[in-house]
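Quick notes on the structure that follows.
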Amino acid sequence: MLKNPYIIRVYNDLQTKFNEQIEYLQAVKEFLSAIEPLVEQDKGLEKEAILERMVTPERIIKFRVPWQDDQGQVHINWGYRIQHSSLLGPYKGGLRFDTPVNESVMKFLAFEQTFKNALTGLPMGGGKGSADFSTRGKSDQEIMRFCQSYMTELAKHINENLDVPAGDIGVGKREIGYMYGQYKRLKGVELGSLTGKPVLANGSLGREEATGYGLIYFLQAMLNEENEEVSQKRFIISGLGNVGLNAIKKVIHLGGLVLAVSNSQGSLYDPQGINIKCLEDILVNHNKDLSIYTQERPHASFSKDSIWSRQIEADIALPCATQNEINAEQARKLIANGVRFLAEGANMPCTSEAIEVFNQSKDFIWAPAKAANAGGVAVSGLEMSQNAMRLKWSFEEVDEKLQTIMSDIFTRCKETCLAFDLGKNYAVAADIAAYQKIVQLIQMHGLV
Ligand code: NDP
Ligand code: 2IT
């Protein structure tokens, strides 16, 4: 419940203007309620319209993307790039190719990205882009043609000093490679115009692993506070893409037991622990059909139900698929099944009602996306540095820097909890820490 009159006015205005943009309104509301005590103390903010400037993107770009399928049929999709904030550097954030994307999803992601990037301590503003196009079921040639057409338009709005996209759902190194190739044809070689590039094409070692590994580094720091560790803990992890798969690998490497995993087709529960070789074989050679797993490991079970609705006793949950994947009922179920920790790999994976359930449960500790999944964009920042310096760091160098960044973000959250008497509410702490930085930047830049 929002209480501060200035905050209420800002939120109500947004609600009136963007009534249907539920994800955007959800992200903004969570943020505004976290920073409410600070706004209450600073009566000068309203005259300067600081909050309005914080929640409103600097620019929204929308363009059509025509492309031809293998049968010669022409299709049209929509492309977006939301350039939310350049206060800290070039707009920075991923591109999502997925059928349910729309302006609301893009605006929430670009908004959150701005604060996440601020937490990394690196010079990156915030942005996000997308297309309502799914790579599922498309041939490699169709995906290449789509990426080329998409970049033909996007190239007008990005460069290494202005806006630097990377991957997100449906966009990995293959898609980035095709887009980078097209960018070069249009504008010449510019190493830092995209990140998440294939390593051979001047991408950074460790970028592919960074979000999943970074998530576990943050979790380790959080567990360490409770004198607990990853080893021997039982995990439920959703999403088998860039974030989920690398989180699974890191957990297994550290001696944790991954009991259940999922993708958009369903979920898999293996009481003996997921066999990573068997899983990877399915992802690469069997069209991601998880039901095949039970043929080799009959004690495991596959279900088309959401992983979060299944009856699985565990200690730690890592949602790494998409927004709002855990609702209040599922949150209550997790707690009833013994889960005591959660770290968000995906952006905004828990509904506001689920968050309420977590915050009301005395012994439940959770890590918000803005802090816990910042490892991906952080290593994107390191990729930009390497590109600018025309050199390449080893995997170990990048990984070490990633560990330092994640542990610094955790320390910042912990110190903010202490300073504002927040207990273990790392989500509110992350919002406050990022807000403090962004407020100062807005004031320093004058009326922009
Ligand atoms: P990928 O496309 O690589 O993987 C997404 C995974 O989630 C796939 O296994 C996919 O299933 C599954 N999935 C997608 N949508 C749904 C859905 N509606 N219900 C159930 N499962 C779903 O994406 P990423 O791993 O890159 O991104 C995952 C999340 O992490 C997103 O929220 C993204 O914004 C966030 N993130 C990503 C970063 C990155 O560096 N890539 C950085 C920080 C956050 P299937 O394979 O069947 O399609
Ligand atoms: O949500 C995210 O932080 C990302 N998709 C990564 C963005 C990036 O620029 O690496």
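Heads up: numbering here begins at 1 and tracks the sequence. Whatever order the structure lists ligands and atoms in, that order sets their numbers, starting from 1.
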Exercise for review: Verify the ring-centre separation between Phe133 and Tyr150: is it less than 6.0 angstrom?
Suggested key: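 Ring centres of Phe133 and Tyr150 not closer than 6.0 Å.
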Got a sec: does the [atom1] of [X] have more than 12 other heavy atoms crowding it under 6.0 Å?
X	atom1	answer
His445	NE2	yes
Lys29	NZ	no
Glu296	CD	no
Ile22	CD1	no
Glu313	CD	no
Gln73	CD	yes

Practice item. Write down, by chain and number, every protein residue that brings a non-hydrogen atom to less than 4.0 Å from an atom of ligand 2. Key: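 Its neighbours under 4.0 Å (heavy atoms only) are Lys92, Gly93, Gly94, Gln113, Lys116, Lys128, Ala166, Gly167, Asp168, Arg207, Asn347, Gly376, Val377, Ser380, given by chain and number.
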Study note, to complete from the structure: The answer, listing residues by chain and number that come under 4.0 Å of ligand 1 through any heavy atom, is Arg96, Lys116, Arg136, Asp168, Ile169, Gly170, Arg207, Thr211, Gly239, Leu240, Gly241, Asn242, Val243, Asn263, Ser264, Lys288, Cys320, Ala321, Thr322, Gly345, Ala346, Asn347, Asn373
Check your understanding: Does NZ or CZ of Lys333 lie under 6.0 Å from the centre of the six-membered ring of Trp308, at an angle within 45° of the ring axis?
Key ->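 Verdict for Trp308: no cation-pi partner in Lys333.
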Check your understanding: So, is the end of the Lys107 side chain (NZ or CZ) under 6.0 Å from the ring centre of Phe18 and within 45° of the ring's axis?
Key -> yes
